[in-house]
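Reviewing the structure listed below.
Only this structure's heavy atoms are used, side chains among them; waters, hydrogens and symmetry mates stay out. Fair warning: this is a prediction, and the values are worked out from it, not measured in the lab. When a ligand or atom number is given, it counts from 1 through the structure's own listing order.
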Amino acid sequence: MSQFQFANRLATLPPYLFAEIDRVKNEVKKSGIDIISLGIGDPDIPTPDFIVEKLYEAAKKPENHQYPSYVGLLSFRQGVADWYKRRFNVDLDPENEVVSLIGSKEGIAHFPFAFINPGDLALVATPNYPVYGVAVGFAGGEVEYTSLTAENNFLPDLDSISDESWEKAVMLFINYPNNPTAACASLDCYKKLVQKAKDTNTILVSDAAYTEMYYDPADKPISIFEVPGAKDVAIEFHSLSKTYNMTGWRIGMAVGNASLVKGLGKIKENVDSGIFQAVQEAGLVALEKGDPYAEEFRGIYKERRDICVSALQKMGIECMVPKATFYVWCKTPTGYTSAEFVTKVLRETGVVVTPGNGFGGPGEGYFRIALTVEKDRIEEAVSRLAKL
Ligand SMILES: *Cc1c(COP(=O)(O)O)cnc(C)c1O
């Protein structure tokens, strides 16, 4: 069998930091220890029945068996616009300011192809969802990472980016509520970002996948488009994945500046042929009728969060009490790197958590807990940690 050489762009991929942890996990599993995985950000609760029922019904319609429209059904895009209006009081034109996506990851990964030329610079706030930097690299661009630190509440420090970089940068990637730190952006933070983006002609790429996963109505996360004029410079990626437990369905959306939406649409038109229309019909009912379910899920995560955070605090592990997302971002105890601590926890307790450095350099010294198992398993996991 011939061994084919990968293209150079694959060599630009960052090393896979979880390889060693995966190896230890398999070893621990083999030794018969009951593994509790708090590693992956994938909801464990099923998709609500009414959404699944809608899929059954829509899957039976022959007109849904043909190629969908690449920009998405107008009814779905209208549903997205209506949801943005209801939830954020943001007006969107469904024809020109909304594109449906095969999950927001797909859209994020394709977006740089529309706006980055080889050698162009993109700024990425880090620790971060790895797709931003990978996608820019695939498009031939360069990435400058800007650190999110506890001192700044994990919000971007605009002054830490040089004038030269602001001048050069084509786009800046931000993600609030943030994976992995759980930080939320205030209106003031978004205002400053929009102003800076306008002053320096930089595209703002906002990844807002977690806005519905909050704990207190007083802390309801916002959209960047709540800033007047944000549409001049921004595109926002959103998704049904986390809100309605639909990660497997692959449906999301990008909204905002019409030329940014159009550019992304042009790439997609040449790469994929849209989302199965039955999934879009089901996605539409999720947006229309899913609010009470999202509320129920928030209650479930809140219970888990409170159990987890209070146990961590009791054992002296410093952590942010998340106001949104299902992540708890914790400091590794003194004397351990992220990888050392996570490996120790795994070996000695069978609990899987994610080392912070896997999300970028500034994540070193932290680990991430995902609240994606039932509360008695969270209780079991933290009681094992307490015995360490
Ligand atoms: C889960 C997640 C997404 C959503 O991905 P989909 O492709 O829509 O399932 C986007 N951004 C971040 C930061 C995430 O954690």
Option among Lys85, Arg86, Lys231 that satisfies the salt bridge (charged side-chain N to carboxylate O under 4.0 Å, His left out) test with Asp91: Lys85
Glu281 and Asn64 side chains, donor-acceptor separation under 3.5 Å: yes
Flag for Tyr210-Tyr176: side-chain donor and acceptor within less than 3.5 Å: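 Tyr176 vs Tyr210: no donor-acceptor pair found between side chains.
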Ring geometry between Trp83 and His238 (parallel below 30°, tilted from 30 to 60°, perpendicular above 60°):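 Ring orientation of His238 relative to Trp83: perpendicular.
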For atom 8 (O) of ligand 1, the option (of Pro130, Gly41, Ser239, Pro180) bearing the nearest heavy atom: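 Nearest option to atom 8 (O) of ligand 1, by heavy atoms: Ser239.
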Nearest neighbour of atom 15 (O) of ligand 1 from the list Tyr176, Tyr210, Trp249, Tyr129, on a heavy-atom basis: Tyr210
Side chain, backbone, both or neither: the part of Phe237 lying under 4.0 Å from ligand 1 by heavy atom: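 The answer is neither.
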Shortest protein heavy-atom distance from atom 7 (O) of ligand 1, along with the residue and atom involved: Arg250 NH2, 2.6 Å
Identity and separation of the nearest protein heavy atom to atom 9 (O) of ligand 1: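 Residue, atom and distance for the closest contact: Ser241 OG, 2.6 Å.
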Qualifying residue, where the test is side chain to side chain contact (heavy atoms under 4.5 Å, CB included) with Val24 and the options are Val352, Val342, Leu346: Leu346
Pair Asp216 + Lys302: basic N to acidic O under 4.0 Å: no
Sub-4.0 Å atoms of ligand 1 with respect to non-hydrogen atoms of Ala209: 3 (C), 10 (C), 11 (N)
Those atoms of ligand 1 less than 4.0 Å from some heavy atom in Lys242: 1 (C), 2 (C), 3 (C), 4 (C), 14 (C), 15 (O)
